[in-house]
Novice: 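Sharing a structure, written as structure tokens. Questions coming.
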There are 2 protein chains.
Amino acid sequence: MTSPPRRPRAVSSVPTVGDVAARAGVSRATVSYTFTQPDRVSPDLRRRVLAAADELGYVGNDAARRLRAGHSLALGLLVSSAANPVYAEIAAGAEAEAAAHGRFILLANSDESAERERAYLSFFESQHVSGVIAAPVGDVPAELLGLRSRGTPFVLVGVAPGPHSYPAISGDNERGGHLAAAHLLAQGRRRLLFAGGPHPHVDLRLAGVRRAVAESGQPASLEVVRVGVQTARVGEEVSRTLLERPERDFPDGIVAGNDLLALGLLHGLIVAGVRVPEDLSLVGYDDIEFADFAIVPLTSVRHPSAALGAGAVRLLLGIEDEQDMQGRFEPELVVRATSLPIAGPQPVSSPPIG
Amino acid sequence: MTSPPRRPRAVSSVPTVGDVAARAGVSRATVSYTFTQPDRVSPDLRRRVLAAADELGYVGNDAARRLRAGHSLALGLLVSSAANPVYAEIAAGAEAEAAAHGRFILLANSDESAERERAYLSFFESQHVSGVIAAPVGDVPAELLGLRSRGTPFVLVGVAPGPHSYPAISGDNERGGHLAAAHLLAQGRRRLLFAGGPHPHVDLRLAGVRRAVAESGQPASLEVVRVGVQTARVGEEVSRTLLERPERDFPDGIVAGNDLLALGLLHGLIVAGVRVPEDLSLVGYDDIEFADFAIVPLTSVRHPSAALGAGAVRLLLGIEDEQDMQGRFEPELVVRATSLPIAGPQPVSSPPIG
DNA sequence: GAATCGCCGTGAATCGATTCACGAGCGTGT
DNA sequence: ACACGCTCGTGAATCGATTCACGGCGATTC
């Protein structure tokens, strides 16, 4: 029996440990131990407490837990762009893995704005999340470092574990870029163009492309077009500037920094009458779901994004360390129509109608 | 001067109201009022407190605030599928609006799993969010009602404010369905097919389609194909079953429950040699970004998804009520190539095979 | 049978921000 | 000059779960 609340609750009061304890006929401490250290209470009592909690619909109060225990069940996930399906996939992977460990993901979308990025990191801190996963735009924001210095660890996703020495988990972007360019060179393409970046991991893809060109032993050229953000809209703009060129300066193979950019490019080129893949081969990056449904299905390099998200969670929770995951996330080339070797006139596939 | 902490913090201790108060030479209460009721403290002191807070990097502790004040700055957003760009758009709109009011969005993705839906709602409750926005699968989960009965309001998004009498915000799906079907009928299509649902708002789209057919005064037929989830993969499957039909049972106009489904259908049909829009007109729903980049750019019905998300936040925060928003979110038909009127005297009833 | 140990449950202090109730200080009307 | 009212700052209680330190009690051992 609790003293009458000064301000009556909106509808019915939320059950607390006290209520559960009263119903189970034990002390509040016992109820708490039942949830946090089940082994500390006898099986008999444990059952009684759990039953009481269940009957009352006890949900706990993470605020109180955090205030006292200092950490919450939530992990923060900061992505730079919710519009990019890759981040959605990373988020999905992270969420599933977190759920498997009774944790939750706080998803924040900075939309490439440094200011919102700061605001969200500050929010994460005020929430005392037990860790932050960041798939950030460019550099590591200073706030992340501040957060870590105050005790909240973080993991970068999609950024190579380079000289920066921050904990990071990433597919091998350099290798993926190499795959893409080697594929084009093997088809006989010689005037390559890379569109994308600057962006830490996109630049790694570019590095891979460069290496493929250098290793090919062929007299191949490589041109680099930088863009601001890598969206479909920007891709279309790039295609327009390309179309203004004289024919001899036109590339015959393009590697795009990501699929959105590639789709925009593809659309712009096709509309202008460029034949893909006859006139030009195109390889995207990320292998988003829509790559398959493009005007011409898009060849792309795939990373196991969901696995990356899950890996980041495992890293934060200390289930695995960076060593354990070395080389587990290998990129894979998914060949579709935008880069099929030219096989004479393209036949319209015959209808499978019976 | 605080007593020495029993367990020293991980790295450096997080500043609290006490620290700020000491630095500013005021009491803890004054610091708190400075943030929660700025008018209550004199401008002079306010400046001093804010300066002290800034110097210390004070971030506050939402756990403590919540514990005492009973509510947090966060709003919960539960979506059923992060893979659907529509929900990403809703989330983006909600996030921006929330940020404008100093609030934050906790984004949870149930991936159409009722169990995870429950888990997340429970998590929201343990977080004492000040409200929940739900874009759920089918019925309103009982947990949502329980949540409300314990004082946390919710708003449904994308579900019509029908007889259920739950607060909801939604585009006019019935009208959107009507737009789509009327468009097809105006082109002379007479054998219509609707693929999608069952799903509350998809069924409203279907109702609109039905009304358009009824109102047309034409001898048009309408067939309905139900699917489980509305993904591109399922769309392809539907296309396969369609292709097994005899020619005379083949539809000449399709309205899809959403764009993912439409893209899958489109892909399956095109690969099989069906000419779109000559043999068959197709209209999707949602107007996702990729509609424009499809094999044949997809005609679609657009709702202002971001505005819906923003509206839901305004509703929860009590900035506007449902009345204020009546009829503000009108659907719009975006005509692209999958439904262009057939140029020239092409017989509408040509067989689906070239 | 007594001493000891370990199991298991409990009372009470605690985390940090909020907010109530109080009062110091000061200006003003008559 | 006195009382009154207003502004603005403060001490202290409070939210709910966690966890420390303690103790009751049954079992084991000599």
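Throughout, a chain's letter reflects where its sequence line sits, starting with A, and its residues are numbered from 1.
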Novice: Base, sugar-phosphate, or nothing for B/R65, non-hydrogen atoms under 4.0 angstrom?
Specialist: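 Counting heavy atoms under 4.0 Å across all strands, the contact made by B/R65 is with sugar-phosphate only.
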
Novice: Please work out if A/F35 contacts a base, only the sugar-phosphate, or nothing of the nucleic acid, heavy-atom cut-off 4.0 Å.
Specialist: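 Since no nucleic acid heavy atom lies under 4.0 Å of A/F35, the category is nothing.
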
Novice: At what distance, to the nearest 0.5 angstrom, does CD1 of B/I90 lie from CD1 of B/I105?
Specialist: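 It is 11.5 Å, given to the nearest 0.5 Å.
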
Novice: Go nucleotide by nucleotide along DNA chain D from the 5' end; which of B/S42 and A/V17 gets its closest nucleotide reached first?
Specialist: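 Its nearest nucleotide lies further toward 5', so the answer is B/S42.
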
Novice: Taking the side chain of B/A29 as heavy atoms from C-beta outward, which of C/dA13, C/dG9, C/dT19 is closest to it?
Specialist: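 It is C/dT19.
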
Novice: Can you check the A/L56 CG to D/dG16 P distance for me, whole Å?
Specialist: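 After rounding, the gap between these two atoms is 14 Å.
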
Novice: What integer distance in Å separates A/H128:NE2 from D/dG16:P?
Specialist: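 Nearest whole value for this atom pair: 20 Å.
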
Novice: Taking the minimum atom-to-atom distance to the side chain of B/T30, which one of D/dT19, D/dG9, C/dT10 wins?
Specialist: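 Within the option list, the nearest is D/dG9.
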
Novice: Among A/V129, A/L106, A/L78, which residue meets the side-chain contact (heavy atoms from CB on, under 4.5 Å) test with A/F123?
Specialist: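 Of all the options given, the one that passes is A/L106.
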
Novice: Would you mind reading off the distance between B/E125 atom CD and D/dG16 atom C1', rounded to a whole angstrom?
Specialist: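 These atoms are roughly 14 Å apart.
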
Novice: Which residue lies toward the 5' end of DNA chain C, B/Q37 or B/A63, if each is placed at its nearest nucleotide?
Specialist: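 Looking at the nearest nucleotide for each, B/A63 comes out on the 5' side.
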
Novice: What is the separation between atom CD on B/Q127 and atom P on D/dG16, rounded to the nearest whole Å?
Specialist: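 Whole-Å distance recorded here is 16 Å.
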
Novice: Which of the following nucleotides, D/dG9, D/dA21, D/dA17, is nearest to the side chain of B/L45?
Specialist: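 Per side-chain heavy atoms of B/L45, the pick is D/dG9.
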
Novice: Looking only at side chains, do A/Y120 and A/E115 share a donor and an acceptor under 3.5 Å apart?
Specialist: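 Their side chains do not contain a donor-acceptor pair, so the 3.5 Å distance test is not met.
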
Novice: Give A/R66 one of three labels, base, sugar-phosphate or nothing, depending on what nucleic acid heavy atoms sit under 4.0 Å from its own.
Specialist: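 Here A/R66 touches no strand at all.
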
Novice: Which residue, B/V26 or A/Y58, contacts DNA chain D at a nucleotide closer to its 5' end, judged by nearest heavy atom?
Specialist: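 Taking each residue's closest nucleotide, the earlier one in sequence belongs to B/V26.
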
Novice: Would you tell me whether A/R103 and A/S130 have side-chain atoms, one donor and one acceptor, within less than 3.5 Å of each other?
Specialist: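 The criterion, which ignores hydrogens and geometry beyond distance, is satisfied for A/S130 and A/R103.
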
Novice: Side chain of B/N61 only, please: which of C/dA17, D/dT18, D/dG9 is the nearest?
Specialist: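 Closest of the options to the side chain of B/N61: C/dA17.
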
Novice: Without decimals, in angstroms, what is the distance between B/D39 CG and D/dC8 P?
Specialist: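 It is 10 Å, rounded to the nearest whole Å.
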
Novice: Taking atom types as they are modelled, would you say the side chain of A/Y33 forms a donor-acceptor pair with the base of C/dC7 within the 3.5 Å cutoff?
Specialist: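 No such pair is found, so the answer is no.
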
Novice: Just the rounded figure in Å: distance from P of C/dC15 to CZ of A/R68.
Specialist: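 Computing the A/R68:CZ to C/dC15:P distance gives 7 Å.
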
Novice: A/R40 CZ to D/dG23 P: how many Å, rounded?
Specialist: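 Nearest whole value for this atom pair: 15 Å.
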
Novice: Compare the minimum distances between each of C/dC15, C/dT10, D/dT18 and the side chain of A/R28, then state the nucleotide with the smallest one.
Specialist: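 Nearest to the side-chain atoms of A/R28, counting from C-beta on, is D/dT18.
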
Novice: Rounded to the nearest Å, what distance is computed from the CG atom of residue B/D62 to the P atom of nucleotide C/dG16?
Specialist: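 Answer to the nearest Å: 15 Å.
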
Novice: Whether the A/T30 and A/S27 side chains hold a donor-acceptor pair (N or O, under 3.5 Å, no angle test) is what I'd like checked.
Specialist: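 There is such a pair (donor and acceptor under 3.5 Å, judged by atom type) between the side chains of A/T30 and A/S27.
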
Novice: Out of D/dG16, D/dT10, C/dA17, which nucleotide sits closest to the side chain of A/L67?
Specialist: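 Selected nucleotide: D/dG16.
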
Novice: Given that B/T36 and A/V41 both sit by DNA chain C, which one's nearest nucleotide is further toward the 5' end?
Specialist: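 Going by which nucleotide is closer to the 5' end, it is A/V41.
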
Novice: Reckon A/T16 has a side-chain N or O less than 4.0 Å from the OP1 or OP2 of D/dG16?
Specialist: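 No, because none of the side-chain N or O atoms of A/T16 sits under 4.0 Å from OP1 or OP2 of D/dG16.
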
Novice: Say you draw a straight line from CG of A/L75 to CG of A/L317; how long is it, rounded to the nearest 0.5 Å?
Specialist: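 If we round to the nearest 0.5 Å, A/L75:CG and A/L317:CG are 5.5 Å apart.
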
